[in-house]
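For reference, the structure is listed below as structure tokens.
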Amino acid sequence: MNTFTLILKYLAVFVLAIFVGSFSMMGLHLLSGVMWPEFSLNEMPANPQALEQFMAAMPLGPMLAVLVSHWGGTVLGAITAVLASGRRQVWPGVVMGAWFTIGGIANNALLPAPFWLEAVDLVGYIPLAYLVSRPLVKAAA
């Protein structure tokens, strides 16, 4: 396979993995909005001060649901990247972990959240992507 074809293949793999991960993440966010309707995405205020109060009043359950949503989308994106690449190597999954870490940084810059939630959120993306990618590579070997 020539270099240009390989670049196009991985570009398609990562676009697919980003879509799968992002839509999964949004679906999990919407599901958590069903479990805690008073803290759903539809109820978030647009005013920055009111948004900060809204986030500060959020109980532990919805905050943990945010982590599950972010990490769940990352895991599904990493799995998609490893399986779609056909190479059965860990690095496509880790790339997805890095991609969603960058998204998490942007999310933390835009939405006020407790520091512990932001820190735990950012620490999880790459390790989880690696942890789900590794067994897929071993299973193919």
Side-chain angles (χ1 to χ4, degrees), residues 1-56 58-141:
M1 186 178 293
N2 67 31
T3 304
F4 181 71
T5 307
L6 196 60
I7 290 170
L8 286 179
K9 175 188 172 187
Y10 279 110
L11 183 62
V13 163
F14 290 126
V15 167
L16 174 66
I18 289 167
F19 275 116
V20 168
S22 297
F23 282 112
S24 301
M25 195 178 294
M26 184 53 68
L28 290 168
H29 274 302
L30 292 174
L31 183 62
S32 70
V34 170
M35 295 172 66
W36 292 281
E38 65 276 14
F39 294 101
S40 72
L41 296 174
N42 296 333
E43 299 298 321
M44 291 178 64
N47 179 329
Q49 290 80 17
L51 179 60
E52 195 165 340
Q53 291 173 345
F54 176 82
M55 296 294 277
M58 191 178 290
L60 184 61
M63 287 187 191
L64 294 177
V66 167
L67 293 176
V68 170
S69 299
H70 292 179
W71 293 348
T74 301
V75 163
L76 291 172
I79 290 170
T80 302
V82 171
L83 294 178
S85 71
R87 303 265 322 249
R88 298 298 193 256
Q89 295 179 342
V90 173
W91 71 266
V94 174
V95 168
M96 285 294 89
W99 174 266
F100 286 109
T101 299
I102 293 167
I105 292 168
N107 185 57
N108 288 342
L110 294 172
L111 294 175
F115 177 76
W116 72 265
L117 181 63
E118 292 177 351
V120 171
D121 186 42
L122 292 178
V123 167
Y125 294 106
I126 293 174
L128 283 172
Y130 176 77
L131 287 173
V132 299
S133 299
R134 195 155 179 229
L136 295 173
V137 172
K138 284 185 176 183

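Note that the structure is predicted; figures quoted are calculated from it, not measured.
- Between Thr74 atom OG1 and Met25 atom CE the span is 4.0 Å, to the nearest 0.5 Å.
- Here the shortest heavy-atom pairing between Ala17 and Gly77 reads CB-O, 3.3 Å.
- In this view, Thr5 and Asn2 satisfy the side-chain hydrogen bond (donor to acceptor under 3.5 Å, both in side chains) rule, not counting sequence neighbours.
- Legend: residues meeting side-chain contact (heavy atoms from CB on, under 4.5 Å) with Val132, ordered by chain and number and at least two apart, are Val75, Ala78, Ile79.
- Shown here for Val82 and Val90, the closest heavy-atom pair between the two residues is CG2-O, 4.5 Å.
- Considering CG of Asn108 and CD1 of Ile105, their distance stands at 8.0 Å, rounded to 0.5 Å.
- Atom-to-atom distance recorded for Ser32:OG and Leu64:CG is 11.0 Å, nearest 0.5 angstrom.
- Remark: Phe23 engages Phe19 in a side-chain contact (heavy atoms from CB on, under 4.5 Å) (not counting sequence neighbours).
- Remark: Ser85 engages Tyr10, Val13, Arg87, Pro92 in a side-chain contact (heavy atoms from CB on, under 4.5 Å) (not counting sequence neighbours).
- Pro59 meets the side-chain contact (heavy atoms from CB on, under 4.5 Å) test with Phe39, Pro62; sequence neighbours excluded.
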Distance-only donor-acceptor pairs under 3.5 Å for side chains of residues 94-104, two or more places apart:
unit_1 : atom_1 : unit_2 : atom_2 : d
Thr101 : OG1    : Gly97  : O      : 2.7

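- Applying the side-chain hydrogen bond (donor to acceptor under 3.5 Å, both in side chains) criterion to Trp91, with sequence neighbours excluded, gives Gln89.
- Between the CG atom in Leu31 and the OG atom in Ser69 there is a gap of 7.5 Å [rounded to 0.5 Å].
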Please table the atom pairs, donor to acceptor, closer than 3.5 Å between any side-chain atom in residues 109-127 and protein atoms at least two apart or in another chain.
unit_1 : atom_1 : unit_2 : atom_2 : d
Asp121 : OD1    : His70  : ND1    : 3.1
Asp121 : OD1    : Tyr125 : OH     : 3.1
Asp121 : OD2    : His70  : ND1    : 3.2
Asp121 : OD2    : Tyr125 : OH     : 3.0
Tyr125 : OH     : His70  : ND1    : 3.2

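- To the nearest 0.5 Å, atoms CD (Gln49) and CZ (Phe54) are separated by 15.5 Å.
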